[in-house]
Amino acid sequence: MRRFGLSIREKSIVCIGFMGVGKTTVGKLLAKKLYRGFVDIDAEIEKEFGMPIPLIFEKFGEKAFREKEKELIQFYSQQPLYVISVGGGAFLQQEIREICLADCIVLFLDISWDSWKERIHILSDNRPLLQGQSIEDIQKLFVERQEIYSMNHSKFQVDRFEAEEAADYLADALKLSWEIHAPQPG
Ligand SMILES: Nc1ncnc2c1ncn2[C@@H]1O[C@H](COP(=O)(O)OP(=O)(O)O)[C@@H](O)[C@H]1O
Ligand SMILES: O=C(O)C1=C[C@@H](OP(=O)(O)O)[C@@H](O)[C@H](O)C1
Ligand SMILES: [Mg+2]
């Protein structure tokens, strides 16, 4: 069921963006800085299936993964005061986009292709959509996905920031915007 009437301070923050941009890492740090709960949807999916993501894809298929992803995001997006890191493909599903954009603060972590390429060697192992793909195919996916990430409330370019610095900046910026949007006395 939907919760209505959450103030901007209470709404959960949903981190979106391409695989490997740092949604899980930065989201976790941000939650700590804002004294919020943290949930990583991929980690929850792994717990529910009792196996890592590549095995879920292999045994049950991407469709089953996406169904569980939707179910969990529909639940957590209705909880107040979380930072929710979703997988890079979650926003492909219209129902996920709509519920997150309606009820949460959607934060797009963006990165340039040149910076992203430097991370590829640490990413392929547990990301089935990167496995066996040429760099050209991955770049195509990267470019195609920009359109779904453009549906956000706020965007942060992570390229030149360490995860800790990015979380610091984001926590300060969010707190400032909450001050600005706070109801004025009288
Ligand atoms: N700002 C950053 N600078 C450098 N490396 C980062 C940064 N954020 C995350 N990483 C590293 O990139 C990898 C992917 O990060 P992760 O948080 O899992 O991304 P995502 O959840 O978006 O797929 C991890 O090894 C992480 O340590
Ligand atoms: O972009 C995607 O379709 C996916 C991204 C992954 O999460 P991260 O974005 O956290 O790597 C994970 O959900 C799964 O491998 C599919
Ligand atoms: Mg992640």
Side-chain angles (χ1 to χ4, degrees), residues 13-33 38-49 51-74 76-77 82-97 100 106-133 137-152 154-173:
I13 297 162
V14 178
C15 298
I16 65 165
F18 200 64
M19 285 170 265
V21 69
K23 301 176 299 292
T24 300
T25 313
V26 175
K28 194 173 191 173
L29 293 167
L30 180 61
K32 204 167 171 206
K33 289 177 200 293
F38 173 72
V39 63
D40 184 75
I41 298 298
D42 284 338
E44 295 303 305
I45 298 171
E46 288 183 327
K47 271 190 235 163
E48 294 232 1
F49 280 91
M51 62 187 77
I53 289 173
L55 216 53
I56 301 172
F57 270 60
E58 196 184 307
K59 280 185 178 285
F60 299 95
E62 183 174 348
K63 192 162 177 281
F65 173 87
R66 296 295 175 199
E67 278 302 311
K68 184 57 74 184
E69 181 174 52
K70 184 168 75 181
E71 186 188 311
L72 286 163
I73 295 174
Q74 283 173 333
Y76 280 105
S77 64
Y82 266 95
V83 175
I84 306 166
S85 292
V86 303
F91 254 43
L92 290 170
Q93 300 193 60
Q94 188 180 352
E95 285 161 286
I96 294 183
R97 288 199 302 270
C100 292
V106 176
L107 173 62
F108 170 31
L109 299 182
D110 196 10
I111 189 167
S112 67
W113 172 249
D114 284 343
S115 302
W116 189 87
K117 263 191 315 189
E118 288 168 21
R119 290 195 197 168
I120 191 162
H121 63 284
I122 48 170
L123 300 177
S124 340
D125 278 2
N126 55 356
R127 288 173 176 85
L129 296 184
L130 300 180
Q131 284 161 9
Q133 301 296 315
D137 286 343
I138 297 172
Q139 186 174 12
K140 195 162 166 273
L141 186 66
F142 182 93
V143 173
E144 279 168 11
R145 290 270 181 95
Q146 294 305 309
E147 195 179 330
I148 58 161
Y149 304 140
S150 71
M151 293 176 253
N152 64 67
S154 188
K155 171 182 143 161
F156 180 73
Q157 197 73 25
V158 297
D159 290 64
R160 286 177 295 112
F161 296 93
E162 293 297 323
E164 190 79 43
E165 291 173 323
D168 270 336
Y169 178 92
L170 288 165
D172 287 348

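Start at 1 and go down the list; that is how both ligands and their atoms are numbered. The residues of the chain are indexed from 1 along the displayed sequence.
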Exercise. Where on Lys23 is there a heavy atom closer than 4.0 Å to ligand 1, on the side chain, on the backbone, on both, or on neither?
Worked result: both
Seminar exercise, completed: Honestly, for Val21 the part within reach of ligand 1 (heavy atoms, under 4.0 Å) is both
Suppose we measure from [atom] to each protein heavy atom; which comes out shortest, and what is that distance?
{"atom": "atom 19 (O) of ligand 1", "value": "Gly22 N, 3.1 Å"}
{"atom": "atom 11 (O) of ligand 2", "value": "Arg127 NE, 2.6 Å"}
{"atom": "atom 2 (C) of ligand 1", "value": "Arg119 NH2, 3.2 Å"}
{"atom": "atom 15 (O) of ligand 1", "value": "Thr25 OG1, 3.6 Å"}
{"atom": "atom 1 (N) of ligand 1", "value": "Phe161 O, 2.8 Å"}
{"atom": "atom 7 (O) of ligand 2", "value": "Asp42 OD2, 2.7 Å"}
{"atom": "atom 11 (C) of ligand 1", "value": "Ile122 CD1, 4.4 Å"}

Counting each atom of ligand 2 from 1 as listed, which ones have a heavy atom of [X] under 4.0 Å away?
{"X": "Phe65", "result": "13 (O), 14 (C)"}
{"X": "Gly87", "result": "7 (O), 9 (O), 13 (O)"}
{"X": "Arg66", "result": "2 (C), 3 (O), 16 (C)"}

For [X] and [Y], work out which heavy atoms get closest and say how close.
{"X": "Gly87", "Y": "Asp42", "answer": "CA-OD2, 3.8 Å"}
{"X": "Gly27", "Y": "Cys15", "answer": "CA-SG, 4.1 Å"}
{"X": "Arg66", "Y": "Gln93", "answer": "O-NE2, 3.0 Å"}
{"X": "Ala171", "Y": "Leu30", "answer": "N-CD1, 3.6 Å"}
{"X": "Pro54", "Y": "Asp125", "answer": "CG-O, 4.1 Å"}
{"X": "Phe49", "Y": "Ala64", "answer": "CZ-O, 4.1 Å"}

Problem set entry | From Gly20, Ala90, Pro128, Gly89 - option closest to atom 2 (C) of ligand 2 by heavy atom |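 Going through Gly20, Ala90, Pro128, Gly89 one by one, Gly89 has the nearest heavy atom to atom 2 (C) of ligand 2.
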For this session: Going by heavy-atom distance to atom 8 (P) of ligand 2, choose the closest among Gln131, Glu46, Arg145, Lys23.
Result: Lys23
For this session: Can you label the angle between the Phe142 ring and the Trp116 ring as parallel, tilted or perpendicular, going by 30° and 60°?
Result: tilted
For this session: Please state whether the rings of Tyr169 and Phe161 are parallel, tilted or perpendicular, taking 30° and 60° as the class boundaries.
Result: tilted
Can you tell me if [X] has a non-hydrogen atom under 4.0 Å from ligand 1?
{"X": "Gly20", "result": "yes"}
{"X": "Arg127", "result": "yes"}
{"X": "Asp40", "result": "no"}
{"X": "Val158", "result": "no"}

For this session: Verify salt bridge (Lys or Arg N to Asp or Glu O under 4.0 Å) between Glu164 and Lys33, making sure each step is shown before the conclusion.
Result: CA-CA 10 Å; Glu164 190 79 43; Lys33 289 177 200 293; 2.7 Å; yes
Problem set entry | N-O pairing of Asp137 and Lys140 below 4.0 Å |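 Judged by the 4.0 Å cut-off on N to carboxylate O distance, Asp137 and Lys140 do not form a salt bridge.
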Problem set entry | Ligand-residue contact atoms, ligand 1 with Glu162, heavy atoms, under 4.0 Å | 1 (N)
For this session: Kindly confirm or rule out an N or O of Phe57 lying under 3.5 angstrom from an N or O of ligand 2.
Result: no
For this session: Look at the N, O or S atoms of Thr24, main chain and side chain alike, and state whether any lies under 2.8 Å from the Mg ion (ligand 3).
Result: yes
Problem set entry | Nitrogen or oxygen of Leu123 less than 3.5 angstrom from that of ligand 1 |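 By distance alone, the answer is no.
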For this session: Report yes if some N/O of Ala163 lies less than 3.5 Å from some N/O of ligand 1; otherwise report no.
Result: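 Yes - when backbone and side-chain N and O of Ala163 are compared with those of ligand 1, one distance drops under 3.5 Å.
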What is the distance from atom [atom1] of [X] to atom [atom2] of [Y], rounded to the nearest 0.5 Å?
{"X": "Ile16", "Y": "Arg145", "atom1": "CD1", "atom2": "CZ", "value": "11.0 Å"}
{"X": "Glu46", "Y": "Leu55", "atom1": "CD", "atom2": "CG", "value": "10.0 Å"}
{"X": "Phe65", "Y": "Phe60", "atom1": "CZ", "atom2": "CZ", "value": "13.0 Å"}
{"X": "Gln157", "Y": "Ser112", "atom1": "CD", "atom2": "OG", "value": "6.5 Å"}

Exercise. Looking only at heavy atoms, is any part of Leu129 under 4.0 Å from ligand 2, and if so is it the side chain, the backbone, or both, or is it neither?
Worked result: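 The answer is the side chain of Leu129.
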